[in-house]
Participant: 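Have a look at this one.
The sequence lines fix the lettering, A, B, ..., with proteins before strands; numbering per chain opens at 1.
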There are 2 protein chains.
Amino acid sequence: MTSDQPTPTLQDVATAAGVSTATVSRCLNFPDQVTKRTRAKVMQAVNALSYSPNFGARAMASRRTNTIGAIIPTMENAVFARGLQAFQDELHSYGFTMLVASTSYRADIEEEQIRALVGRGADALLLIGHERSPNTYRFLETQNVPTLITWAFDTSLTRPSIGFDNRKAMRDMALKVIELGHRNLAFISARTTLNDRAKARQSGIEDAMAISELRASDLHMVETVYGIEQGATAFEQVMKAASQTTAVFCGNDVLAVGALRRAREMGVRVPEDVSVIGFDDIELAEVAYPALTTVHVPHREMGWRAGKALAELVTNGTPIEAIELDANPVFRGTLAPAKG
Amino acid sequence: MTSDQPTPTLQDVATAAGVSTATVSRCLNFPDQVTKRTRAKVMQAVNALSYSPNFGARAMASRRTNTIGAIIPTMENAVFARGLQAFQDELHSYGFTMLVASTSYRADIEEEQIRALVGRGADALLLIGHERSPNTYRFLETQNVPTLITWAFDTSLTRPSIGFDNRKAMRDMALKVIELGHRNLAFISARTTLNDRAKARQSGIEDAMAISELRASDLHMVETVYGIEQGATAFEQVMKAASQTTAVFCGNDVLAVGALRRAREMGVRVPEDVSVIGFDDIELAEVAYPALTTVHVPHREMGWRAGKALAELVTNGTPIEAIELDANPVFRGTLAPAKG
DNA sequence: TTGTAGGCGTTATCAT
DNA sequence: ATGATAACGCCTACAA
């Protein structure tokens, strides 16, 4: 670096172009309110100085940031990645920037991140799932930040959501599994504390059992934290505690893949001895061997629809229309009829 | 909402607490410059109003944003996810916020994203790989934004990097493969345009061939875009065009997993008929069947070291110390000695 | 320890 | 169509 020249400001451009700052501002924001000739002069100065507007100043003066925040449980694996990419692409096409933060599935961190993004002037927020502390919702309300929920759908709530019904999706899957003759079911669940998706998925299995005249209380449940290794451990626990199990549902594909691995290590054949069912349909599911039977989640569509809805809300005030998407079973190699 | 009460400002808090705005500001930024008593009063007012500082104003007044940007090729899969999460966690512990943007592996989009993040006042930037247009580097220099390169390491360049030597890593892997008797090698590469990692990995294989007195020109190369499906297609091409191939290197695990799948579909046995080698060691690699032999990349360490380096640079001016990490072969099921 | 006041770079409302 | 100029909300010398 030769010299620490300070970044050029609007004023510098104005001086260079021989106009007022107001005119430069207009050139940049409303080009057609300005003469062709003036515009040319100004743009030339802009380029010469390679001026680029100061975000903070602009945010302060216009009281808008063109920023939309997304807060997801984790970036560690691909569960939210595909949807997020679609969300970001859509926002980008509207001229918005996406800010991401992750919570490691912890409610306290989520609240912190919400404050951080709101503090940074996010014009709106995308959140995963409905369940969080009243405090958090109160904050969002007083701050007047529009919020959209995704990865869930629940009309009984007033908050808009664009997602799918976790309970119904899991119920449909479970009905198919029961139809194949499975009676001894287990469920390896993600932590259900402040996680409505996990709870809903459990309820879905129980619904299916009730419909099929099985006793929901017979569902063998193990709750564990996220991770392949945790899924493996949980699978072993299940097989030890309830060895008659023929079908193991998992709260998500990551756990399911762990279960699959441990099954192989234990000499338990999938699907001949026990069927394994996941949820999410991320890349892992296809790649696993045998390929995982799972509930397909419309990642991309959810993402872009959410992006579009928020962009239009912020831009034109178009109210968000709740949208329920389908999440359907995908049958692959890990599910087979129950023996006998 | 009952009333559209405007967000509280520093002034509001000051009034409520019966002090000046300066005192409130100090309470928030340098708590120990203020009496315990005063602080208590102020914090109470802060909570009562649930005040949270305006980012733009703060950025403008302090000329710092406490924001560090990261620009990665894609969020679609887990390649960069683990490292990014570690990066973000480390930044967070220093009080920084991470901004992410993705480029879909396109140089023009990368440049746009760099401008966007700089425009938003990013105090520093994390970029993947060294190779980009001189224009882009010039911009970064005139804007005076410190930049750290990761996912690569090259002392011949003056730019600091914290990463690993792609060429050396791939060479080491290739040497092992050749040692196992493989002579007919193929390489399914990611696009090499403006992608120094892809090029380096290719060079690594060629280096190993040269060392082993094989003709580097005999390496059968296929270049393709990112994706499982693309890896599958490329594998088929390779086996059709060079059926004597016994070892297929892939530029990354995603392509490798695609190759694996197509091999199964084609009735080609891995590793009996052909060995498949990946790069990155993401979750997919472990989960694939057979589990993928691949080059392990120290995702997390790279991420947190990068975060620490940038945070300390921005905070204390500590210059970045380039760090070379190891990326070593991991031998799993897809590699076996060549037949005969 | 606390208060006063000027300035940070834009936008937007008025005039002209 | 263009130009003054008053906000915008916070930080930080400097003064008290």
Side-chain angles (χ1 to χ4, degrees), chain A residues 5-43 45-46 49-67 95 115 118-123 143-144, chain B residues 4-43 45-46 49-67 95 118-123 143-144:
Chain A
Q5 45 190 257
T7 7
T9 72
L10 240 209
Q11 186 54 255
D12 298 331
V13 178
T15 310
V19 298
S20 75
T21 60
T23 300
V24 179
S25 175
R26 274 190 290 259
C27 266
L28 265 23
N29 300 306
F30 314 96
D32 28 54
Q33 285 183 25
V34 152
T35 328
K36 209 167 173 177
R37 232 180 69 77
T38 318
R39 204 180 343 169
K41 266 195 314 195
V42 171
M43 291 321 274
V46 165
L49 300 175
S50 66
Y51 163 81
S52 100
N54 177 299
F55 174 75
R58 171 176 272 186
M60 199 161 74
S62 69
R63 321 188 116 280
R64 277 241 342 242
T65 60
N66 283 317
T67 291
R115 282 180 190 279
V118 170
R120 302 179 71 81
D123 294 330
Q143 298 285 317
N144 233 306
Chain B
D4 249 75
Q5 44 189 261
T7 14
T9 71
L10 240 209
Q11 186 55 256
D12 297 332
V13 177
T15 309
V19 298
S20 75
T21 60
T23 300
V24 179
S25 174
R26 276 190 289 260
C27 266
L28 265 24
N29 299 307
F30 313 96
D32 28 55
Q33 286 184 23
V34 151
T35 329
K36 208 165 173 177
R37 233 180 68 78
T38 317
R39 203 176 353 171
K41 265 195 318 196
V42 172
M43 291 321 274
V46 166
L49 301 175
S50 65
Y51 164 80
S52 101
N54 177 299
F55 173 75
R58 171 177 275 187
M60 199 160 70
S62 69
R63 322 190 113 280
R64 279 249 331 252
T65 59
N66 283 317
T67 291
V118 170
R120 302 178 71 82
D123 294 331
Q143 297 286 316
N144 233 304

Participant: Name the pairs: protein N/O against N/O of nucleotides 11-13 of chain C, kept only if under 3.5 Å.
Facilitator:
from	atom 1	to	atom 2	distance (Å)
dT11(C)	OP1	Asn29(A)	ND2	3.2
dT11(C)	OP1	Arg58(A)	NE	2.8
dT11(C)	OP1	Arg58(A)	NH2	3.3
dT11(C)	OP2	Ser25(A)	OG	2.7
dT11(C)	OP2	Asn29(A)	ND2	3.3

Participant: Output the single nucleotide from dA1(D), dG9(C), dC10(D) whose closest atom is nearest the side chain of Met60(A).
Facilitator: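 Nearest to the side-chain atoms of Met60(A), counting from C-beta on, is dG9(C).
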Participant: Flag the pair Val19(A) / Lys41(A) as yes when at least one side-chain heavy-atom distance between them is below 4.5 Å, and no otherwise.
Facilitator: yes
Participant: Assess the residue pair Asn29(B) and Arg58(B) against the criterion (side-chain contact (heavy atoms from CB on, under 4.5 Å)); give the C-alpha distance rounded to whole Å, side-chain angles, the decisive distance to 0.1 Å, and a yes or no.
Facilitator: CA-CA 11 Å; Asn29(B) 299 307; Arg58(B) 171 177 275 187; 3.4 Å; yes
Participant: For the residue pair Phe55(A) and Thr67(A), establish whether any side-chain heavy-atom pair is separated by less than 4.5 Å.
Facilitator: yes
Participant: Tell me, do Val24(B) and Met43(B) make a side-chain contact under 4.5 Å, heavy atoms counted?
Facilitator: no
Participant: Can you check the Phe55(B) CZ to dG9(C) P distance for me, whole Å?
Facilitator: 15 Å
Participant: Mind checking side-chain hydrogen bond (donor to acceptor under 3.5 Å, both in side chains) for Ser62(B) and listing every partner two or more places apart, or none if nothing turns up?
Facilitator: none
Participant: Does the side chain of Arg63(A) get closer than 4.0 angstrom to OP1 or OP2 of dG9(D) through an N or O atom?
Facilitator: yes
Participant: Would you kindly compare Thr38(B) and Gly56(A) by the position of their nearest DNA chain C nucleotide and give the one closer to the 5′ end?
Facilitator: Thr38(B)
Participant: Rounded to the Å, how far apart are Gln33(B) CD and dG3(C) P?
Facilitator: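 One finds 14 Å between P of dG3(C) and CD of Gln33(B), rounded.
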Participant: Can you tell me how far P of dG9(D) sits from CZ of Arg64(A), to the nearest Å?
Facilitator: 17 Å
Participant: Within the pair Thr23(B) and dT2(C), is there a side-chain N or O less than 4.0 Å away from OP1 or OP2?
Facilitator: no
Participant: Check the distance between dG9(D)'s P and Arg120(A)'s CZ and give it to me in whole angstrom.
Facilitator: 18 Å
Participant: Which nucleotide wins on minimum distance to the side chain of Thr9(B), given the candidates dT2(D), dT10(C), dC10(D)?
Facilitator: dC10(D)
Participant: Between Asp12(B) (CG) and dG9(D) (P), how many Å, whole number?
Facilitator: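 Between P of dG9(D) and CG of Asp12(B): 9 Å.
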Participant: Give the minimum heavy-atom separation between Ala14(A) and Ser20(A), together with the two atoms involved.
Facilitator: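 For Ala14(A) versus Ser20(A), the nearest heavy atoms are CB-C, 3.7 Å.
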Participant: Asn54(A) has an atom CG; how far is it from atom P of dG7(C), in whole Å?
Facilitator: 18 Å
Participant: Are Ser25(B) and Leu28(B) close enough that some pair of their side-chain heavy atoms sits under 4.5 Å apart?
Facilitator: no
Participant: In whole angstroms, how far is the P atom of dA1(D) from the CG atom of Asp32(A)?
Facilitator: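 Interatomic distance, CG of Asp32(A) to P of dA1(D): 10 Å.
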